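A short write-up of the structure that comes next.
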Amino acid sequence: MAKVKKQPRPKAETPKGFRDYFGHEVTERQEMLRQIAEVYSHYGFDALETSAVETVEALGKFLPDVDRPNEGVFGWEEDDSGWVALRYDMTAPLARVYAQFRNDLPTPYRRYAMGPVWRNEKPGPGRFRQFYQCDADTVGAPSVAADAEICAMLSDTLERVGIPRGDYIVRINNRKVLNGVMEVAGVLDPSDETKFEAERGIVLRAIDKLDRLGEDGVRALLGEGRKDESGDFTKGAGLADAQADVVMGFMDARRDIGAETLARLRELVGESKIGSEGVDELEEIATLLDAQGYGPDRIIVDPSVVRGLGYYTGPVYEAELTFEIFDEKGRKRQFGSVAGGGRYDDLVKRFTGQAVPATGVSIGVDRLLAALRAKGRIGQDSARGPVVVTVMDKARMADYQLMVRELREAGIRAEVYLGNPKNFGNQLKYADKRNSPVAVIEGGDEAERGVIQIKDLILGAKIAEEATLEEWKDRPSQYEVARGDLVAKVREILDLYK
C-alpha cells in the first residue's frame, strides 16, 4: 500500500511587503484617524467609504511613478466582470464615484476617505505594500480658493495630531509654471501638446529625482543622459545647455520672501501664457492664505516641490516635517514628507468626457505615526494596558467581575485575570506583560475586613530599578483602601501618569 505523503505544516509568516499591527499601534492609528476626521469634518467635508476593489478600467493609468498601465496593482480576472484590482489610492475611486453619482451629489462635492490601499511594488525598509491613506478632496470647484483651503486644512491637521508649528512646513508649487518653463525651454508647444511628449516625460522624471541624484545628476538627465555607479546608462531629454539652464532655474527659484519667489518665477516663464497663469494662481493662493493668518512659518511657495508633477494639472502641495531624527545607523536626518496633493482636473473626465475640476490631499498616516513615535510624542499612554483585577479565590469570581464592572463604568479600562489563578506570581507577570498600570488584589482576609490592595505597577517597577531601601520604605507602591474606594484610588494613581 502506497504511503500517503504527509502535508507540511504552513509557515506562520507574514507575506513579503506586509506587516501585522498589535495593540497600541492599532489604537494610535485609530486615535490619529479620529483627530484627522475631526478637522476634515469641521471644514465641511463628508465621509465616503468605497469598495477596496475597483475595476482595472476605473483605476486607469494614473498610478504615480509607474509608466505601464495596471503595473503596481494587485489585480485578478473575474469570470463575469473582467479584470479588477485592489485600490492603490483613494483618488481613483473618488473619480469613479463622482462620475457614477454626480446627479445625486452636490457640486462642489467635498469628501474625505480613510483606509488601507495596496501597491504591488518592491518592498523595502519602511516601505510596505499595504498602508493607510487619509484623503480630503473637493470635486467641481475651479477656483484655487479650494487649493488654498486644502493647504490651510493640512496645516491645521498636522497641528491637531501633535506636530507643532516650526516642526513642519507646507510647500506649494504649480504644474502650470513648470509647463511655462518647458515652453520657454522649447520642449512644449501649446499648439500641439503631442510634440516633445517623450522629452517632457524625461524632464519630469529627472526633476522628480532631484533629492536622490542632486543637481548634477538631474542636469545630466536633462542633457544627453546619465551613467550610474553600476554602469547602466539612462537616456536623457537631449536639451541644450541653455534649455537645461531654464529648467534648473525653475527648481532653484525660491527666495527668502514669497513675493520675490513669485517675481523670479515670472521671469522664468517669460511670455508663456500657461506659465503666467500658474504664477497668478500661486499668487492668489498665497494672498488667500496670508489673509487667514497662514504665514511663511506654516506655508510657503517653493518651486523645488516636484513630486507628482506628472500627475497633477495645477497647484501641488507637500507637507514636510522639518525636525531631525536618527536613522537605523544613528545618523541625523530630516524626517521628510508626510502628505501631498494637488489639482487633477483631468481625472473625472475619463468617465464623463467633460472636464471636472478637482483638488485634494493625501496624508500618509503610518509615516505620520512613525514621526510622532520618533519624537516620543506618542507611545507611552496608548501602549498602557488595562487595570488587572487578580483572582485570589476562584469561588469569588463574581465579586472580581463586579470590581471590573465598576471600573469600566467609571471609564477605566479593566479586566479580570482569566488564566490559571493558582500561581499568583504568574498573575503579576501577566499584568507586567500587558503593561498594566495597576493591579487590584482582594484575598479572603481583605474581603472579611472590607478592604482591597491596590498595587501601583508603574511606581513599583521604577522603585525596583532605581530606589534605595530607604526610598522604597518612603514610597510604597501598594495601598490598602476600603472596598468602596476602589474606583477613586485607581483613578488617583492613573492621573499621576497622564
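Computed from a predicted model, the values in this text were never measured in an experiment.
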Heavy atoms from other residues, nucleotides or ligands near [atom1] of [X] exceed 12 (cutoff 6.0 Å):
X	atom1	answer
Glu38	CD	yes
Asp192	CG	yes
Asp241	CG	no
Glu271	CD	no
Lys349	NZ	no
Asp216	CG	no

Give the C-alpha distance, both sets of side-chain angles, the deciding distance and a yes or no for side-chain contact (heavy atoms from CB on, under 4.5 Å) between Phe131 and Arg367.
-> CA-CA 9 Å; Phe131 52 94; Arg367 276 189 58 78; over 6 Å; no
Show the nearest heavy-atom pair for residues [X] and [Y], with the distance to one decimal.
X	Y	answer
Arg110	Gly44	NE-O, 3.7 Å
Gly238	Glu224	CA-OE2, 4.4 Å
Ala58	Arg96	CB-CG, 4.1 Å
Val139	Val356	CG1-CG1, 3.6 Å
Ala220	Arg226	CB-CB, 4.0 Å

Can you find a heavy atom in the side chain of [X] that is under 4.5 Å from one in the side chain of [Y]?
X	Y	value
Val53	Trp76	yes
Phe351	Gln100	no
Asn173	Tyr312	no
Arg19	Glu25	yes
Gln30	Val26	yes
Tyr40	Ile363	yes
Arg175	Leu204	yes
Val487	Leu407	yes

Would you confirm whether [X], through its side chain, and [Y], through its main-chain N or O, come within 3.5 Å as a donor-acceptor pair?
X	Y	value
Ser155	Arg298	no
Arg160	Ile36	no
Asp290	Gly295	no
Tyr112	Val39	no
Thr359	Gly342	yes
Arg200	Lys195	yes

Criterion side-chain contact (heavy atoms from CB on, under 4.5 Å) on Tyr317 and Ile299, from CA distance to verdict | CA-CA 10 Å; Tyr317 17 89; Ile299 305 174; over 6 Å; no
Distance under 6.0 Å and angle within 45° of ring axis: Arg29 vs Tyr21 | yes
Rounded to the nearest 0.5 Å, the CG atom of Asp346 sits from the OG1 atom of Thr313 at a distance of 5.5 Å
One should read off an interatomic distance between Leu222 CG and Ile207 CD1, to the nearest 0.5 angstrom, of 6.5 Å
Could you check Leu154 against Tyr168 for side-chain contact (heavy atoms from CB on, under 4.5 Å), going step by step and ending with a plain yes or no?
-> CA-CA 11 Å; Leu154 178 55; Tyr168 75 89; over 6 Å; no
In terms of side-chain heavy atoms, does Tyr294 have a donor or acceptor partner in Asp156 at a distance below 3.5 Å?
-> yes
Check the side chains of Tyr43 and Thr157 for a donor-acceptor pair under 3.5 angstrom, ignoring hydrogens and angles.
-> no
Taking side-chain contact (heavy atoms from CB on, under 4.5 Å) as the test, write out the residues that go with Ala253, two or more places apart.
-> Arg264, Leu265, Leu268, Pro303
Go through the steps to decide whether Arg434 and Glu415 satisfy the test salt bridge (Lys or Arg N to Asp or Glu O under 4.0 Å), and finish with yes or no.
-> CA-CA 11 Å; Arg434 293 282 277 136; Glu415 66 172 85; 2.7 Å; yes
